[in-house]
There are 2 protein chains.
Amino acid sequence: MRHQVTIKDLAKQLNISVATVSRALRDLPDIHPDTKKAVLELAAELDYQPNVLATSLVKSKTKTLGLVVPDLGYHFFSTITKHIEEAAIKAGYSLLITQTQESYEREIVNIQNLLRSQVEGIIISLSRETKNFDHLIRLQKRGMPLVFFDRNSEDILASKVMVDNEVSAYEAAKHLIDNGCKRIAFVAGPSNVSVSNQRIEGYKRALRAHQMKVDDKLIIHSDYYADTATRLTLELMGVKNPPDGIVVVSDRLALGVLVALKQLKLKIPEQVKIVSFNNEPICSVVSPSISSVAQPLETIGKLATELLIEQIESKTEFEPQIRVLKTELVIRESSKRD
Amino acid sequence: MRHQVTIKDLAKQLNISVATVSRALRDLPDIHPDTKKAVLELAAELDYQPNVLATSLVKSKTKTLGLVVPDLGYHFFSTITKHIEEAAIKAGYSLLITQTQESYEREIVNIQNLLRSQVEGIIISLSRETKNFDHLIRLQKRGMPLVFFDRNSEDILASKVMVDNEVSAYEAAKHLIDNGCKRIAFVAGPSNVSVSNQRIEGYKRALRAHQMKVDDKLIIHSDYYADTATRLTLELMGVKNPPDGIVVVSDRLALGVLVALKQLKLKIPEQVKIVSFNNEPICSVVSPSISSVAQPLETIGKLATELLIEQIESKTEFEPQIRVLKTELVIRESSKRD
DNA sequence: TTGAAAGCGTTACCAA
DNA sequence: TTGGTAACGCTTTCAA
């Protein structure tokens, strides 16, 4: 740990004032070329790095954005994070990345840390545990610009970037119907998860639109573990008149469904067809490969970042914007027509 | 954007000095219980958040660590990142996470940004492009504590947390030999990558130790794309006397190898057995599931963080430590004995 | 137990 | 074109 070189050191060595050094470094006008050259050279020689803390403090601006995501272990979040970071950098901001690991407590702590770090705005996708939104309301009370993506709160008025889960699920179910399925089940997430519920709605609408009746016994709620989906699928397929098509709320659970069907020696897609959501890389790697609904990850990340920055930099009151993006069904083996 | 509440605001409203408020907030001794109570209450009411920039500036300590990883899209890095963050938080530090996306340029920029953010130490895994280490040497010149994990530079004296790639590969190859393979190939990465080369060495040693001769034609160098591995594997298997076992340098490439073998209608593991490295979640999900060498991700993350913090907080000159961890071969279908 | 004031590294204003 | 100085929000002496 040695003393880090500051603007004062440069000033002293060159026998000029700190004000002048500061100007030279930022190449402001009104500075003698020679002075500037000398400053720049010495700065390079001493490997001077400006202290952003000091700058931020005087400017009361950090040019930093905060991100709160549940878990970077998910392809979905790590990819969006990458795009958010890229968009932020492009706009001259840096990004503070935090993970909640799906914990409500950590969500609160992370947000608090971001506040203390003086971020100028926050992009967030809520943890699974988050049922109470006081911490977000407080954020808004203090005027902190906020943008949600994916998992959001309906109670909070803020910019949001989402996909149309209802329509996506409608299309996924319709795809199975078009390919000949007569009896379609839905493997959902916990019944309090809005993304899951929206998808159930789309699924139901598709059935009704094609004169198939909705059978609640065919809608099963899993937790987030593939094992659970396997167990539930075994039960699901065990009844008489089992489904010949399954819409699964996520790729992770779809893997569990796949395991069950293989155990039962059911042929995919001949006997049972499957479609799921997220289009993670595994989809194209497992056998049979899984048809899955792809979200526009890059667009989500870019848009969220742009909306946030727009709000930060807007002089007038900013009108929250809700952007609903289209998804794309990627068809693979698991749902191929016979 | 409204004015954020500061220690001054609290002081003014309570008609006391900022010094007293500061003391109350940090509950230092020598403060009247009533004063303290009043301060804490008002702070809560106004949702006061300390400005870490200011604190860090006066203390010239940020209690922040910097992390530079190639790509959070890899399970390997996102998992280690999670453990690093956890270890950092536990020790009272926060973490600035940056990704290079395998770019040398971005590695330099990221490090510079971390410096400007006044991190007290840096944990890094080098980008693929990084061949020149001047930026790291500069880091050390200014006394910045540095810890490498996984991809490191042999030229730099610093703490490192790694696994024994040579031994891991020896064991992987031995496993194939034990299970009856007579002719074993190695699908490697680019020939300038040290991790890959260390694994080749282990593979060679295993063959020699078991009276099998090393045939350079059986060692093929792929890039990082599964497609390339597929193409090269097709060539590899096309010759007369093709291998009956393949050690693959990474799971990603193993997937490509799998595709080739399936195309050739070769039975796995009956006709060809496979072992790879990293033990990503896909390994257990593909069919056949892939035997793979698991790295102790949690230990790597924790250890790297602890070494770094130890160095930061050590009063005396810190002796760099190289820690070489053991791996564990997770056996699955792809290498099962007939 | 409390307050005044200096200082952390930088910027920005005013004066020279 | 340059310098002096107040200020950013906080901590830390030193004195009261």
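A, B, ... follow the sequence lines: proteins, then strands. Residue 1 opens every chain.
- For B:Thr35, a side-chain nitrogen or oxygen approaches OP1 or OP2 of C:dT2 to under 4.0 Å.
- Under the 30°/60° scheme for interplanar angles, the aromatic rings of A:Phe149 and A:Phe76 are found to be tilted.
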Polar pairs (N or O, both sides) under 3.5 Å between protein and nucleotides 14-16 of chain C?
none

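- Residues satisfying the salt bridge (charged side-chain N to carboxylate O under 4.0 Å, His left out) criterion with A:Asp27, sequence neighbours excluded, are A:Lys36.
- Partners of B:Lys160 by salt bridge (charged side-chain N to carboxylate O under 4.0 Å, His left out), not counting sequence neighbours: none found.
- Using a 4.0 Å heavy-atom criterion, one finds that B:Asp30 contacts the bases of the nucleic acid, with or without backbone contacts as well.
- One finds no side-chain N or O of B:Lys36 lying less than 4.0 angstrom from the OP1 or OP2 phosphate oxygen of C:dT1.
- OP1 or OP2 of C:dG9 has not a single side-chain nitrogen or oxygen of A:Thr6 nearer than 4.0 Å.
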Decide salt bridge (Lys or Arg N to Asp or Glu O under 4.0 Å) for B:Glu129 and B:Arg106; before the verdict, give the C-alpha distance in whole Å, the side-chain angles of both, and the deciding distance to 0.1 Å. CA-CA 10 Å; B:Glu129 282 181 18; B:Arg106 283 194 56 178; over 6 Å; no
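- Residues from residues 52-59 of chain B placing a heavy atom under 4.0 Å of any atom in DNA chain C, listed by number, are B:Leu57, B:Val58.
- Using modelled atom types and a 3.5 Å distance limit, the side chains of A:Gln118 and A:Thr62 yield no donor-acceptor pair.
- Partners of A:Leu325 according to the side chain to side chain contact (heavy atoms under 4.5 Å, CB included) rule, which considers only residues two or more places apart in sequence or in another chain, are A:Val161, A:Val163, A:Pro296, A:Thr299, A:Ile300, A:Leu303.
- When DNA chain D is scanned in the 5' to 3' direction for atoms under 4.0 Å from non-hydrogen atoms of chain A, the outermost contacting nucleotides are D:dT1 to D:dG9.
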